[in-house]
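Only one structure is covered here, and it is reproduced in the block below.
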Amino acid sequence: MPNPHVISFFDDRTFTITHLVACPETKRAAVIDPVLDYDPAAGRTYLESAEALINQIAQDRLQVDWILETHVHADHLTAAPYLKEHLGGRTGIGANVGEVQKAFAEIFHTGPEFKTDGSQFDHLFKDGEQFVIGNLTARVMFTPGHTPACATYVTGDAAFVGDTLFAPDYGTARCDFPGGDARQMYASIQAILALPPETRIFLCHDYMPGGREVVMHTTVADQRGTNVHLKGMNDADAYAAMRTARDAKLNMPALIIPSVQVNMRAGQLPPAETNGTVYLKTPLNRL
Ligand SMILES: [Fe+2]
């Protein structure tokens, strides 16, 4: 089986990395974690990031079969529905997304229009499930901890790890969102680090500590030796103690309130009100 050709896009407004994963033999492709731009001051969505992705796909003459989320993101909105409309493909996420939807349905007090069974997505992946991108076979690894529905997609020498590992000098993802669990995160990270050392680890975010250049992928070998949150962490208890103390000091992501309301609906907006306008809610004193 060939290794995938990967082009990564960095959104410097949300520090999010979108990956375009292509089979070099067939030009079939998957998009992982696409961004819908959002101006919170104006309450306005826009398409600069999505159009850049669409232009690259057209230039490379790729056919998109999958639009995948590693999880329900809390820091950017997903462009999955817009990309599906313009490029085709099926949307997919880990099958435990219903747990995330139930937690946020309660927080946002959604009505019966919002189903918490994941049915807004075209496909719900099971742990260990395989799917194809042209001649590439990809495998789904559930990697919960940041959220209960986080998934890592592995194909050839590449793993798309979502919010688990960040760049080695920045550490690992927070575990204090609803359904998050630092002990599960430790186990998920160990499973990723058990992949072959040369495996390319494609990140979901980079925060460029110290003003260094953006890092969009590392390797399992790099992570094993140098990740700042894993040094001296020999068991789940030690990691969870470190992670929990750290998470207690973190602010909520700037876009968590708009992001979650849109992303839990697979990127569809809530229903418009009778004047035709879509509104997002702000729950007070809940997050
Ligand atoms: Fe996240």
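Start at 1 and go down the list; that is how both ligands and their atoms are numbered.
Side-chain atoms of D33 and H19 include no donor-acceptor pair closer than 3.5 Å. Of the N and O atoms on the side chains of T78 and E69, at least one donor lies less than 3.5 Å from an acceptor on the other residue. With hydrogens and angles left out, the side-chain atoms of D163 and H71 include a donor and acceptor closer than 3.5 Å.
Taking the six-membered ring where the residue is Trp, the centroids of F177 and H146 are separated by under 6.0 Å.
At a threshold of 4.0 Å, the pair R243-D181 does not count as salt-bridged, since none of the basic side-chain nitrogens sits closer than that to a carboxylate oxygen.
Listing protein N, O or S atoms at distances below 2.8 Å from the Fe ion (ligand 1), with waters left out, gives H71 NE2, H146 NE2, D163 OD2.
A cation-pi contact links R265 to F114, judged by a cut-off of 6.0 Å to the six-membered ring centre and 45° from its axis.
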